[in-house]
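Below: one structure, written as structure tokens.
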Amino acid sequence: MPHPTGPQEQRQPPASRRRSFLKYLVGGSMGAIALGLLRPNDGSAQDLEQLCSTFPHNSRCQDYLPGVPALDVDGTPLAVDTWLPSTTPGEPVAVTGIPNQITYLVILDGPSLAPYGLNPRCPHLGCTVDWNTDQQRFICPCHGSQFDGVGQVVRGPANQPLPLVTVIERQNQVRLVAQAPILDPR
Ligand code: FES
């Protein structure tokens, strides 16, 4: 009756067999991770959303619309070709789309649309800041923190900038993704 382990393995002392097993385990795990990196998604809508939200310029995302459409005050999706020329650089535009949250779109020279928007939740204690056109600043009604047009702190007590969301312009739409860009572009 053949023994379940081979003759060479039988000759290995227990510590050596443990090392072999660990090498097998680590090698297998590394292989699985590598495969996952090489093949980050399997093409499902959820995986595409994740991929295209994080890497909107990936070639697989040309026709995919990640996130949700940005809506104006009437609840109408923004059409970039008609809306953007009517905006003023430096004057943030409040939109909805992400559930339970206003997002301020940042208008750059051109006018052009910044690839990020501002979540007006004050980093101090969480009040909602408002854009003040006269002062050209976001002002927090709770303890007076102030932020410039791209959300950087101008006055405390807040000591962090306004949080970001990702903004993607595609197929004449403005899309909002409820996660910050990988790198803060400000
Ligand atoms: S919550 Fe905004 S300054 Fe305190």
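Atom set for the values below is all heavy atoms of this structure, side chains included, hydrogens, waters and symmetry mates excluded. Ligands are counted one by one from 1 in listed order, and the atoms in each one are counted from 1 as well. Positions are given from 1 along the sequence.
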- [ ] For the residue pair Pro161 and Arg186, establish whether any side-chain heavy-atom pair is separated by less than 4.5 Å.
- [x]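 Yes, close enough: below the 4.5 Å cut-off.
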Open item on the list: Quick one, Phe147 and Val129 - any side-chain contact, counting heavy atoms below 4.5 Å?
Closed with: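 Counting from C-beta outward, Phe147 and Val129 do come under 4.5 Å.
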Task: Any residue meeting side-chain contact (heavy atoms from CB on, under 4.5 Å) with Asp81, in chain and number order, not counting sequence neighbours - done: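 Scan of Asp81 (side-chain contact (heavy atoms from CB on, under 4.5 Å), adjacent residues dropped) gives Ala79, Asn172.
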TODO: Answer with yes or no whether the side chains of Gln173 and Arg175 bring together a donor and an acceptor at under 3.5 Å.
DONE: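 Their side chains do contain a donor-acceptor pair, which is all the 3.5 Å distance test asks for.
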Open item on the list: Could you measure the distance from the CG atom of Asp130 to the SG atom of Cys122? Nearest 0.5 Å is fine.
Closed with: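 If we round to the nearest 0.5 Å, Asp130:CG and Cys122:SG are 11.0 Å apart.
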Task: For atom 2 (Fe) of ligand 1, every protein N/O/S atom that sits closer than 2.8 Å, waters excluded - done: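 The answer, once waters are left aside, is Cys122 SG, Cys140 SG.
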- [ ] Show the numbers, then the answer: is there a side-chain contact (heavy atoms from CB on, under 4.5 Å) between Leu113 and Val167?
- [x] CA-CA 8 Å; Leu113 185 61; Val167 173; 3.7 Å; yes
